[in-house]
Every structure is written in structure tokens, then in C-alpha cells.
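Data first, discussion second: the structure below is written as C-alpha cells.
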There are 2 protein chains.
Amino acid sequence: MEATVLGERAAITSEITDLLRKHGITSTLQRVEIAQVLFSKLQHVSAEQVLEKVNRGRGIVSKATIYNTLRLFVEKGLIKEIIADPTKVFYEPISTDHHHFYDVDSGELIDIRSDAIKVDAIPQPPQGYSTLGVDVVVRVRAMR
Amino acid sequence: MEATVLGERAAITSEITDLLRKHGITSTLQRVEIAQVLFSKLQHVSAEQVLEKVNRGRGIVSKATIYNTLRLFVEKGLIKEIIADPTKVFYEPISTDHHHFYDVDSGELIDIRSDAIKVDAIPQPPQGYSTLGVDVVVRVRAMR
DNA sequence: ATTCGTGCAAACCCTTTGCAAAGAG
DNA sequence: CTCTTTGCAAAGGGTTTGCACGAAT
């Protein structure tokens, strides 16, 4: 049993290592840990949340490395930024194609399944630009 | 001619005063100046840009008042925040129903005319929430 | 040996806040 | 006169950066 669990962990780790390499990212302990947090939970996470989750128990990764790595992952197309809360950035695997409700009072993000929303006629980007993606944020407020 | 120009300025000012009053906002010199900047240029403007435009020449409005007033205008439903650049917030009259391209490298926003994009099937907000609006941001990158 | 990654702390920058002075009704 | 609004400067908070140490080839 323990062997199985350990085997699975190892499998996941090497899977992530492959993923990083495929994106031209050198695999390190810290980067694998961060990637695991992002890819296990396929939801928006803030830098602070990544820091907490990675450092359960002993401190493995510093704050600077969290930020550096998140930026690197974004540049390399592994994850994307969710810009909805003016006070902080959320991150999410780029493969998740859902959108978000944004509670303007609490700053909370709530997923919208991708089939529940549809954007037609995405306009051509300006000359010399290419489109990276489309983000839809539905601003909501709790009714008192 | 000068009389006409002055007359127009006065007319615009009183129009804005009315607008503020209709939204339950006490009209003051500073608020009128800020509103004029926002409503003359019907495009996204940052707090910093409002500060510059209002204070052409002599300083009329302080930074704190810019921020306080922008927040007030948002609360009262006069303008809305554009959250697209992680480093700063843009503001825009709430009546403009267009969306934006966001240049991920430069942080620049470019308007998308509202008829060039269409969002179908806006999902129902979660229980107890009401929808304030829908923002679409098309992330673009200049091709090298 | 050189290059790359990590960590710590300080720096940054946009935004907010505390409090005193000025303005509105 | 009372309540609101403004301004200044300082604080706040998420993110970035400078620099030294450690790891890898």
C-alpha cells in the first residue's frame, strides 16, 4: 500500500517533470512542488495560497521563488493569470477553459463551467498582434 | 464666441452637476473636474491619468481625492473599474459597453467596439447574487 | 568555471487611511 | 453649526529586485 502511494507520487512527479521539460523549463524540486499545487487543484490560486500549500509543515520554497516561478510558468505558457481582483493575481493551468464570477465585495472568484457561457465573434486583434486567449469575468454582488 | 465657449462650459458643468446629484453624490468642484475627465474621454483612464488631466497647470485635486472620488463614483454606479492590468486599475463611464484587448507585455488596453463581440448565454449567478456586468478581456501579444 | 536557480530582505508602486483644515447645506 | 469633503503624509500590501549562496553541467 505504501509502495503504491509512493509509486503514484513518483509517477506524478515524473509526469510533471516531463511537462516542465516540454515547456522548456528546467525541472527543480521547487518548481515541481509549485506545479503540483497548480495542477492538482485545477482552480484559481493566489501566490499566497501556493506559498501556503507548498510549505505545509517545513518551508520548502521561499516567497521570491513562488513569484519568480509563477511568472516563469506564465511566460512559458503553462499557466495563466486571472485578473479580476484589483488587489491580487490568481493563477490557473492554461488548459482550463472556464470563466469566472467575481464577487466585487469579497474578492472571491467562482468558476463558471465553460459550456455555460459562449463568446461569439471574437474580434481580430489589431495589426501585428496575436490572440492569447479570452477571459470573461461576470461581476456579481451578494444581495443583502 | 468667447461667450459661447464659456456658455458651453457652464452648460457642461451644470449637466455634470445634475448627473452627480441624480446618483446621490454631492457636487463639489473637485468631483465635477474628475467627472469631466471621465466623461469627455469615453475611454479607460487610470487614476494617475485622471490626476494629470485634472491638474493641468495648477493643482486642483490631490491624489487622495482622486482615489476617494473614483471609488465613490464606482459605488454609486457612475463609472466602472476595468481590471485587466495586474498593476493598476482603469476606469470608464459605466454606459460604455465595449470590451478590451489587453497587451500582456505593455499593459496597454485597446477598445473593442461592442458590436464586434458577443457573449451568449450569460450564466445565472450563484444563489443570492445579482449580476452587475460582464467584462471580456482578449489577451493579445505583439508578434515579434 | 560558468551558468542557472533559490532565498532573504529591502525596495517598489499603486492604493488606502488617519487626522486636521476647508467647504457645503 | 454640523456633517461632509479635501489634502497631506504616512501606512499598507502584493509583487519585484539586488545580491549572495548553492546546485548543476
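Just so we're on the same page: letters track the sequence lines, and every chain starts at 1. Heavy atoms only: backbone and side chains are in, while hydrogens, waters and symmetry mates are out. What you see is a predicted model; the values in this text were computed from it and never measured.
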| Contacts of type side-chain hydrogen bond (donor to acceptor under 3.5 Å, both in side chains), residue Arg31(B), not counting sequence neighbours | none
| Protein proximity profile, nucleotides 17-25 of chain C - base contact B, sugar-phosphate-only contact S, no contact -, cut-off 4.0 Å on heavy atoms | B--------
| task | Using heavy atoms and a sub-4.0 Å distance, could you list which residues of residues 73-90 of chain A are near DNA chain D? By number, please. | result | Thr87(A), Lys88(A), Val89(A)
| Which other residues belong to the hydrophobic cluster containing Leu132(B), where Ile, Leu, Val, Met, Phe, Trp and Tyr are joined when side-chain heavy atoms lie under 4.5 Å apart, directly or via other members? | Ile82(A), Phe90(A), Tyr102(A), Val104(A), Leu109(A), Val137(A)
Please list, pair by pair, any protein nitrogen or oxygen found under 3.5 Å from a nitrogen or oxygen in nucleotides 19-23 of chain D.
none

| field | Which residues share a side-chain hydrogen bond (donor to acceptor under 3.5 Å, both in side chains) with His44(B), sequence neighbours left out | value | Asp111(B)
| remark: With sequence neighbours left out, the residues meeting side-chain hydrogen bond (donor to acceptor under 3.5 Å, both in side chains) with Thr26(B) are none
| Under the salt bridge (Lys or Arg N to Asp or Glu O under 4.0 Å) rule, what pairs show up with a residue in residues 70-92 of chain A, not counting sequence neighbours? | Lys80(A)-Asp135(A)
| task | Please identify each residue that fulfils side-chain contact (heavy atoms from CB on, under 4.5 Å) with Ser95(B), with sequence neighbours left out. | result | Pro93(B)
| Listed by chain and number, what are the side-chain contact (heavy atoms from CB on, under 4.5 Å) partners of Glu48(B), not counting sequence neighbours? | Ser46(B), Glu52(B)
| remark: side-chain contact (heavy atoms from CB on, under 4.5 Å) filter on Thr131(B), not counting sequence neighbours, yields Val138(A), Val140(A), Pro125(B)
| Residue list, side-chain hydrogen bond (donor to acceptor under 3.5 Å, both in side chains) with Gln30(A), at least two apart or on another chain | none
| message | Side-chain N or O of Thr65(A) versus OP1/OP2 of dG7(C): is the shortest distance under 4.0 Å? | response | yes
| Just how far, in rounded Å, is C1' of dG14(D) from CG of Leu51(A)? | 12 Å
